[in-house]
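Shown below is the structure under consideration.
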There are 2 protein chains.
Amino acid sequence: MNKPETRIQQRNRAAIMSAGLEVFSQYGLRGSTLDQIAEAAGLSKPNLLYYFRSKDAIYTALLEKLLETWLDPLLKLNPHGDPIQEILGYVHRKLTMSKDFPRESRLFANEILLGAPHIAEHLSKDLRTLVGEKAVVIKEWEAAGKIAPVDPYHLIFSIWSTTQHYADFDVQVRAVLGGIDPFGDAMNYLDTLFRRMLTPPKT
Amino acid sequence: MNKPETRIQQRNRAAIMSAGLEVFSQYGLRGSTLDQIAEAAGLSKPNLLYYFRSKDAIYTALLEKLLETWLDPLLKLNPHGDPIQEILGYVHRKLTMSKDFPRESRLFANEILLGAPHIAEHLSKDLRTLVGEKAVVIKEWEAAGKIAPVDPYHLIFSIWSTTQHYADFDVQVRAVLGGIDPFGDAMNYLDTLFRRMLTPPKT
DNA sequence: TCTTGATTTGACCAACTGGTCAAAGAGAGG
DNA sequence: CCTCTCTTTGACCAGTTGGTCAAATCAAGA
């Protein structure tokens with residue numbers, strides 16, 4: 001049943017996804033037009049709709065592909081590693097993603113901001129499960145005295161928010177800082193922030 | 001030149017601003033229609049445009065009014081108060097705003113996310129100046145040994161991001177937590193986070 | 001009550017936009 | 001060279017939407 005994709009299909013689908021990311025992340029779903037995406041992809045509008053059923057289909061495909069990438073860093077949190085190094089490593093990976101994939105971050109943020117109508121299910125299933133599992137791990141680390149007492153859910157929220165801030169609010173950050181690139185200092189700051197938060201007090 | 005506003009003008013302008021906030025914060029600028037706003041305001045579409053030149057004018061008016069409210073908590077950071085209490089108080093005020101004014105927070109976030117085309121000037125002027133001043137204050141606190149060493153700019157960014165997260169990413173937070181109201185625990189968590197970050201090490 | 005200016009609206013319009021479709025073009029295997 | 005399938009597109013359409021306008025309505029002072 002599943003016919004294999006031809007090379008030309010692969011190329012054009014990829015071009016559309018890429019163009020969609022570029023355009024949607026700049027103008028949002030409603031703010032973007034098929035013409036814009038078509039132009040960015042180097043295709044005609046009807047040609048777009050030959051590969052994707054609708055504008056919404058492009059957007060949804062983009063979001064779903066994005067979700068995997070987005071959950072991956074948290075998935076890599078290793079229960080058997082050194083607790084503080086693991087969490088700081090997670091912070092590091094997330095901040096690096098904000099630096100390297102700001103469009104993805106903004107697309108995601110926009111979707112959540114507007115009530116996440118396209119991925120509500122994903123959030124309350126996959127994401128919730130994953131975070132729940134990692135919360136248990138963190139609580140175990142705490143019980144073992146490896147990290148200071150902490151609410152694992154809000155710890156994760158604060159990692160998400162602080163790291164994604166540098167992608168999502170990039171304009172504001174740069175307006176405040178002037179021309180300086182924020183990421184170097186941000187990495188140092190966040191490392192310190194979470195290190196101080198998690199280092200267990202000396203008994 | 002400036003004719004005083006009649007009572008009816010005040011009432012209708014206020015109704016439009018309120019309706020605009022409700023609608024824009026839910027659907028974004030491009031995603032909202034004049035008809036939606038008119039309906040929410042209980043006015044006809046041409047009547048809206050009697051009070052505001054255009055859809056964009058409503059949006060801009062909303063943003064500008066919002067900016068004051070938004071900067072206010074930071075403005076209240078008192079250089080002569082107790083450093084840690086002042087900063088924790090700021091965190092507290094910001095989180096309370098996320099709880100009480102989530103629509104305002106989301107409207108603002110959406111604008112920044114899409115490149116802040118309407119308020120770029122505000123950001124690089126007023127906001128930049130204000131943050132710059134407060135950064136000096138924080139650095140002085142640090143020099144006086146009242147707080148642990150910290151990059152004041154990124155400290156402020158992290159306060160913004162962690163607190164606003166609970167308004168802007170509300171759907172996600174609630175999806176992860178299930179039904180529980182996040183704000184109580186969030187307050188405790190953030191208080192701990194920034195307290196541990198800022199408490200100077202014992203010499 | 002009358003007058004004047006403020007307020008309200010039904011009808012309308014032009015631009016935009018998502019999506020359709022029939023027909024033309026390309027490519028690969030025979 | 002032919003044919004069959006995949007790919008591409010120009011022309012088109014209907015619904016939506018921001019915005020206009022002339023006419024109607026209302027409110028308050030004289």
Side-chain angles (χ1 to χ4, degrees), chain A residues 1-64 107 110-111 114 117-118, chain B residues 1-64 107 110-111 114 117-118:
Chain A
M1 298 294 104
N2 286 336
K3 298 162 194 166
E5 277 196 334
T6 67
R7 246 147 292 141
I8 207 166
Q9 280 173 342
Q10 285 184 355
R11 176 170 53 79
N12 284 343
R13 272 187 212 277
I16 293 169
M17 298 279 272
S18 169
L21 175 61
E22 178 67 20
V23 176
F24 283 136
S25 69
Q26 248 180 99
Y27 305 101
L29 173 54
R30 289 285 312 262
S32 305
T33 71
L34 282 175
D35 287 292
Q36 279 177 297
I37 301 172
E39 161 127 28
L43 299 172
S44 69
K45 186 168 62 170
N47 208 171
L48 276 201
L49 295 164
Y50 174 75
Y51 290 102
F52 287 88
R53 204 178 289 109
S54 65
K55 177 175 153 183
D56 228 77
I58 303 175
Y59 182 77
T60 303
L62 217 39
L63 269 184
E64 285 184 3
L107 184 70
N110 207 276
E111 168 69 11
L114 269 41
H118 299 79
Chain B
M1 299 293 106
N2 287 338
K3 297 162 193 168
E5 276 196 335
T6 67
R7 246 148 290 140
I8 207 165
Q9 281 175 341
Q10 286 183 354
R11 175 169 52 80
N12 284 344
R13 271 187 212 277
I16 293 169
M17 297 279 273
S18 169
L21 175 60
E22 178 66 20
V23 175
F24 283 136
S25 69
Q26 251 180 94
Y27 305 101
L29 173 54
R30 288 286 311 262
S32 306
T33 72
L34 282 176
D35 287 292
Q36 279 177 296
I37 301 172
E39 161 126 29
L43 299 171
S44 68
K45 187 169 63 171
N47 207 170
L48 277 200
L49 294 164
Y50 174 73
Y51 290 103
F52 287 88
R53 204 178 291 108
S54 65
K55 176 176 154 182
D56 229 78
I58 303 175
Y59 182 77
T60 303
L62 217 38
L63 270 184
E64 284 183 4
L107 185 70
N110 209 280
E111 168 70 12
L114 269 40
H118 299 79

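Letters A, B, ... are given to chains in the order of the sequence lines, protein chains preceding strands, and every chain is numbered from 1.
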Open item on the list: For a quick test of reading the model: is some side-chain N or O of B:Arg11 closer than 4.0 Å to OP1 or OP2 of C:dA6?
Closed with: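 No, outside the criterion.
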- [ ] Could you please name the option among C:dG19, D:dG18, D:dC21 that lies closest to any side-chain atom of B:Pro46?
- [x]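 Closest nucleotide to the B:Pro46 side chain: D:dC21.
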Open item on the list: Are B:Lys55 and B:Leu48 packed together at the side-chain level, in the sense that at least one heavy-atom pair is separated by less than 4.5 angstrom?
Closed with: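 No. Closest side-chain heavy atoms not under 4.5 Å.
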- [ ] Calculate the interatomic distance between B:Ile16 atom CD1 and D:dG19 atom P; express it in whole Å.
- [x]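 One finds 13 Å between P of D:dG19 and CD1 of B:Ile16, rounded.
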- [ ] Considering just the side-chain nitrogens and oxygens of A:Asn47, establish if one lies under 4.0 Å of OP1 or OP2 belonging to D:dT7.
- [x]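 Result: no.
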Open item on the list: Can you tell me which residue among B:Ile58, B:Leu43, B:Leu34 is in a side chain to side chain contact (heavy atoms under 4.5 Å, CB included) with B:Leu49?
Closed with: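 Testing each of B:Ile58, B:Leu43, B:Leu34 against B:Leu49, the sole residue satisfying side chain to side chain contact (heavy atoms under 4.5 Å, CB included) is B:Leu34.
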Open item on the list: Going by ring-ring contact (aromatic ring centres under 6.0 Å, His included), name the pairs with one or both residues in residues 34-59 of chain B, residues two or more places apart or in two chains.
Closed with: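 Output for this query lists B:Phe24-B:Tyr59, B:Tyr59-B:His118.
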- [ ] Look at B:Gln9 and C:dT7 and indicate whether a side-chain polar atom (N or O) is within less than 4.0 Å of OP1 or OP2.
- [x]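 So the side-chain polar atoms of B:Gln9 do come within 4.0 Å of the phosphate oxygens OP1 or OP2 of C:dT7, strictly under.
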Open item on the list: Counting the atoms with a prime plus P, OP1 and OP2 as sugar-phosphate, which does A:Arg7 contact under 4.0 Å by heavy atoms, base, sugar-phosphate, or nothing?
Closed with: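 The residue A:Arg7 makes no contact with any strand.
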Task: Side-chain N,O (B:Asn12) to OP1/OP2 (C:dA6) below 4.0 Å - done: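 Checking B:Asn12 against C:dA6: no side-chain N or O falls below 4.0 Å of OP1 or OP2.
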TODO: To the nearest Å, give me how far apart CG (B:Asp35) and P (C:dG10) are.
DONE: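 One finds 12 Å between P of C:dG10 and CG of B:Asp35, rounded.
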Open item on the list: So if I take every side-chain heavy atom of B:Lys45 and compare against D:dG18, D:dT17, D:dT9, which nucleotide ends up nearest?
Closed with: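 Between D:dG18, D:dT17, D:dT9, the one nearest the side chain of B:Lys45 would be D:dG18.
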- [ ] For B:Ile58 and D:dT17, give me the distance from atom CD1 to atom P, rounded to whole Å.
- [x]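 It is 15 Å, rounded to the nearest whole Å.
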Open item on the list: So if I take every side-chain heavy atom of B:Ile8 and compare against D:dT8, C:dT8, D:dC21, which nucleotide ends up nearest?
Closed with: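 Shortest atom-to-atom distance from the side chain points to C:dT8.
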Task: Residue pair B:Leu29 / B:Asn110, side-chain heavy-atom distance below 4.5 Å - done: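 A side-chain contact is absent here, since even the closest heavy-atom pair is not under 4.5 Å.
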Open item on the list: Using only modelled atom types and a 3.5 angstrom limit, is any donor from either the side chain of A:Lys55 or the base of C:dG19 paired with an acceptor on the other?
Closed with: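 It does not, because no donor-acceptor pair links the side chain of A:Lys55 to the base of C:dG19 below 3.5 Å.
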Open item on the list: Of the listed nucleotides (C:dT7, D:dT20, D:dT9), which one gets closest to any side-chain atom of B:Tyr50?
Closed with: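 Nearest nucleotide to the side chain: C:dT7.
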Open item on the list: Check the phosphate of C:dT8 against B:Tyr51, side-chain N and O only, distance under 4.0 Å to OP1 or OP2. Yes or no?
Closed with: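 Answer is yes, contact under 4.0 Å.
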